[in-house]
Each structure stands twice: as C-alpha cells, then as structure tokens.
Colleague: 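Let me begin by handing over the structure; questions about it come next.
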Amino acid sequence: MQFIMTIFGWPLGFVMLGCYMLTGNHYALAITLFTVITKLALLPLSVKQQKEQAKMAIFQPKLQNIQKKYGNNKERYNEEIQKLYTEEGYNPMSGCLPSLIQFPILFGVIDVVYKPIYHILRASNSVIEEMTAIAEAAGHVLEKGSYYNQIKLLNIVKEDPELFSAIDAELVQKIVDFDMNLFGLDLGVVPQFSLTYEGAFNWYLLIPVLCGVFQLAMTFFMQKSNPNSQQSGSMNIMLYMMPLMSVYIGFIVPAAAGFYWTLSAVTQFIQTIAFNIFLNPKKLAAEMEAKVEAEKEEKRAKRQEAREKLKELQRERNAKYAQNENPEQKELNKKKLAEARKRAAEKYGEKYEEVTDDDLK
C-alpha cells in the first residue's frame with residue numbers, strides 16, 4: 001500500500017504545493033482548491049459516465065429480450081450479450097471508471113497528507129532523516145516505517161524549534177508556520193470512533209460521518225434520476241459500497257485526507273444535481289434512441305436505393321441481350337444475375353431469391 005501511495009503521491013504533491021502557494025500557505029484552502037482541480041480534471045470522464053447511463057437505458061429492452069431467449073443457455077446468452085456490446089460499441093464497465101479512478105487520487109492525497117514536510121515544504125529525504133535523528137536523540141519516539149512520522153516530526157519541531165538549530169533555519173521556520181488547523185481542528189489527527197477527544201466533544205467524528213452522509217445522498221439521488229435504476233452488477237455494488245468505504249476511510253487516515261474525501265463527496269453531489277438538469281439521462285436516452293432510429297432508417301433507404309440500382313442494371317443487361325438471345329446465353333445471363341443477387345444479399349443481410357426466367361424479361 002505504501003508503494004502505491006508513494007507513486008500517486010509524487011505527482012499530486014506538486015499539485016498540492018501549487019494549491020498551497022496559490023492560497024497563501026493556507027492548508028485547508030489548499031485542499032479545497034485541490035479538490036476542485038481534481039474534479040475538473042475528471043469532468044470529461046463524468047460526462048461520459050452520464051452518457052453511458054443513458055445508453056444503458058436503450059440497451060435494457062435488448063438485454064431483456066436476450067434473457068428471455070437464451071436465459072437457460074448460459075454460453076449462448078454470454079455470446080449474444082458480447083455480440084450486442086460489440087455491435088453497439090458499448091462497454092458496461094466504463095460507467096464505473098470515474099468512481100474507480102478516485103481511489104488512486106485518494107491514495108496520493110493520503111501520501112501528501114502523511115508527508116507534509118516532503119511534499120509541501122519540499123525538504124529532501126536526507127534532511128528529513130537528519131531531523132528524525134535529532135528528534136530521536138532528544139528522546140522522542142518515531143517508529144521506523146510509520147506513516148505518521150512526518151506529522152509527529154512536524155509537531156516536535158513546532159514545540160522546540162531550537163532543537164533543530166543545525167537544520168536550515170528557513171525550513172525550520174516554514175515548519176513552525178505550517179498550520180494544519182481548520183476551525184480549531186488539527187487536520188493531522190486521525191479521527192477516533194469516540195464521543196470525546198481530550199476531554200471535550202469529539203468534533204473529528206463529523207468528518208467521516210459527513211463524508212458517508214453525502215456519499216449516501218449522492219447514491220440515492222443517482223439511483224432516482226437514473227433510467228436504469230433496475231440495473232444490477234458492478235455499478236450498483238460500487239454505488240452502495242462507496243458510502244460505507246468513505247466512513248471507514250475517514251476513521252483510518254488523518255483528518256486532512258477525510259476532509260478532502262468529504263469535499264469530494266460534496267462536489268460530486270453538486271455535480272450530480274447539475275448533470276441531472278443539463279445532461280438528464282432520460283432525455284439523453286430519448287435523443288440517442290431517436291438518433292439510432294434515424295441511422296437505421298438511413299441504412300434502409302440506402303439498401304433500397306442499392307436494390308433499385310441493381311434492378312436497373314438487370315433490366316439494362318436483359319435489354320442488351322434480348323435481340324440475339326439463345327439458350328446458352330440465357331443460362332449465362334441467369335448465372336450472372338444470380339451471382340449479383342447473392343452478393344447483394346450477403347452485403348445487405350437479406351434473403352437470397354432464386355433467378356427465374358421472368359427475371360430476364
């Protein structure tokens with residue numbers, strides 16, 4: 001897990017640093033700006049997800065028809081389903097992508113939150129190791145490999161900056177000035193499932209709880225506005241697992257990561273409402289269905305036009321050989337006409353009709 005967090009944390013650390021600088025070194029505002037940026041980056045995928053939901057509404061009758069025909073034959077059923085997806089260019093998993101891609105971003109955010117000295121204050125690993133050695137020599141306990149070490153080190157420096165006089169003074173001052181508070185809550189603290197914290201009401205509970213509430217509200221709203229509310233499978237599982245996972249995540253990571261996850265849920269909820277107004281799945285489904293029918297009608301018109309051209313060609317050939325036709329020539333004409341009909345039938349998927357003598361008149 002630490003390896004995954006490090007991979008995604010490295011690029012996101014630069015984004016967070018930029019947000020931190022743009023917000024005047026305000027940590028909570030930097031997380032807010034970072035949330036908005038990530039949501040804007042994911043907006044094209046979210047739009048695609050909304051359109052996929054509309055497309056699924058068109059698929060439902062076809063899927064139900066396949067279920068009725070081949071429900072008892074699992075192999076044939078799967079073949080027909082895959083054939084339908086291929087013909088229509090539809091990927092049933094594409095709707096899950098925006099939800100799934102949030103997890104790598106969250107892992108990166110967690111890494112940034114756990115390592116503020118490295119990602120935001122831009123201290124090198126060697127300097128951080130030197131600071132750790134100084135803190136341990138002074139009697140402070142920093143567990144090797146612990147995610148929480150840099151936050152602990154941050155607080156140690158704030159409590160006794162003179163202890164780190166051997167370190168670059170500018171870096172020490174940055175650490176002292178680094179403020180992780182939001183309305184009096186230290187965003188470096190991991191929320192605990194308890195009503196009290198340090199003798200007072202545990203306001204940290206609000207972060208994971210609010211995150212779960214907004215995720216649940218978004219889930220119900222999406223299901224209500226989704227024309228495929230009866231759909232099953234990975235999409236529904238993902239929708240209802242997200243609120244529970246959000247609460248769980250909020251209790252195992254620092255409050256800053258939970259704060260980001262809560263903001264992400266809020267912005268996603270707002271986005272879902274906006275999409276329901278401007279990209280309503282039911283309206284999109286109706287538009288897509290009309291477009292599909294128009295395309296089918298256009299193809300039918302082209303096939304009819306091709307058939308008329310073929311008949312015209314047949315009449316021209318018949319007229320050409322009418323004056324000097326003999327039995328051998330007649331059979332040759334029938335053969336040519338039959339070959340032309342076969343090609344047309346194969347091309348347009350129509351039933352082949354045998355050539356008769358009347359067709360040569």
Side-chain angles (χ1 to χ4, degrees), residues 8-9 11-24 26-53 94-113 120 180 182-183 185 187 191 203-226 235 238-251 253-281 284:
F8 292 105
L12 292 179
F14 287 100
V15 179
M16 186 67 83
L17 173 61
C19 294
Y20 185 69
M21 295 172 66
L22 285 172
T23 56
H26 195 292
Y27 188 64
L29 283 180
I31 294 176
T32 304
L33 180 58
F34 178 87
T35 306
V36 173
I37 291 174
T38 54
K39 282 299 176 185
L40 289 176
L42 292 174
L43 188 60
L45 286 177
S46 299
V47 172
K48 183 179 180 181
Q49 180 186 31
Q50 192 79 353
K51 291 181 178 180
E52 290 296 328
Q53 289 180 0
S94 60
C96 300
L97 186 58
S99 298
L100 293 174
I101 204 171
Q102 291 184 58
F103 286 100
I105 295 176
L106 178 61
F107 290 146
V109 171
I110 293 172
D111 192 68
V112 172
V113 170
I120 298 178
M180 296 184 72
L182 174 67
F183 303 126
L185 298 180
L187 295 180
W203 291 102
Y204 291 99
L205 277 174
L206 291 177
I207 292 178
V209 170
L210 285 177
C211 187
V213 167
F214 278 108
Q215 285 284 354
L216 190 61
M218 182 182 65
T219 297
F220 281 128
F221 187 84
M222 288 178 68
Q223 288 295 86
K224 184 178 179 180
S225 62
N226 189 355
M235 188 60 185
M238 179 63 66
L239 285 174
Y240 285 104
M241 282 295 291
M242 286 296 287
L244 294 175
M245 291 187 67
S246 299
V247 175
Y248 172 73
I249 290 171
F251 280 114
V253 298
F259 177 58
Y260 159 77
W261 199 234
T262 303
L263 288 175
S264 183
V266 173
T267 53
Q268 182 67 35
F269 183 55
I270 295 171
Q271 177 181 286
T272 302
I273 295 175
F275 275 7
N276 193 55
I277 297 173
F278 300 105
L279 291 173
N280 187 279
L284 286 176

Colleague: How long is the span from the CG atom in L43 to the OG1 atom in T38, to the nearest 0.5 Å?
Modeller: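 Output value for this atom pair is 11.5 Å.
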Colleague: Does a side-chain heavy-atom distance below 4.5 Å link C19 with I37?
Modeller: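 Touching, per the 4.5 Å side-chain cut-off.
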Colleague: Just so I know, are the side chains of M16 and L12 near enough to count as touching, which here means a heavy-atom distance under 4.5 Å?
Modeller: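 When only atoms from C-beta onward are counted, L12 and M16 do not touch, as no gap falls below 4.5 Å.
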Colleague: Closest approach of S246 and Q215, non-hydrogen atoms and distance?
Modeller: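 Taking S246 first and Q215 second, the nearest heavy atoms are OG-CG, 3.2 Å.
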Colleague: With the side chain counted from C-beta on, respond yes when I105 and F8 share a heavy-atom pair under 4.5 Å apart, and no when they do not.
Modeller: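 No, side chains not in contact.
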Colleague: Measure the OH-OG1 distance between Y260 and T32 for me, rounded to the nearest 0.5 Å.
Modeller: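 If we round to the nearest 0.5 Å, Y260:OH and T32:OG1 are 12.0 Å apart.
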Colleague: Do Y27 and I120 have side-chain heavy atoms sitting under 4.5 Å apart?
Modeller: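 In contact.
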Colleague: Over all heavy atoms of both residues, which pair between F269 and F214 is shortest? Give the atoms and the distance, please.
Modeller: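 The answer is CD2-CD2, 4.5 Å.
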Colleague: For residues T262 and C211, report the shortest heavy-atom separation together with the two atoms involved.
Modeller: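 So the two residues come closest at OG1-CB, 3.3 Å.
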Colleague: How about L29 and L33: do any of their side-chain heavy atoms sit closer than 4.5 Å?
Modeller: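 Not in contact.
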Colleague: Please report the shortest heavy-atom distance between A257 and I110, naming the atom on each side.
Modeller: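 Here A257 and I110 meet closest at CB-CG1, 3.9 Å.
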Colleague: Would you kindly say whether K39 and Q271 are connected by a side-chain donor-acceptor distance under 3.5 Å?
Modeller: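 No pair is found: no donor N or O on one side chain lies under 3.5 Å from an acceptor on the other.
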Colleague: How far apart are the closest heavy atoms of A28 and L182, and which atoms are they?
Modeller: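 What the structure gives for the nearest pair is CB-CD1, 3.7 Å.
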Colleague: Are V253 and W261 side-chain neighbours, meaning at least one heavy-atom pair lies under 4.5 Å?
Modeller: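 V253 does not reach W261 side chain to side chain.
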Colleague: Would you compute the distance between atom CZ of F275 and atom CD of Q268 and round it to the nearest 0.5 angstrom?
Modeller: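 Separation between the atoms: 8.0 Å.
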Colleague: Got a second to check how far F259's CZ is from I207's CD1, nearest 0.5 Å?
Modeller: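 These two atoms lie 7.5 Å from each other.
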Colleague: Is there a side-chain contact between L42 and L45 (heavy atoms, below 4.5 Å)?
Modeller: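 SC-SC contact between L42 and L45 confirmed.
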Colleague: Closest approach of A255 and P191, non-hydrogen atoms and distance?
Modeller: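 Looking at all heavy atoms of both residues, the closest pair is N-CD, 3.9 Å.
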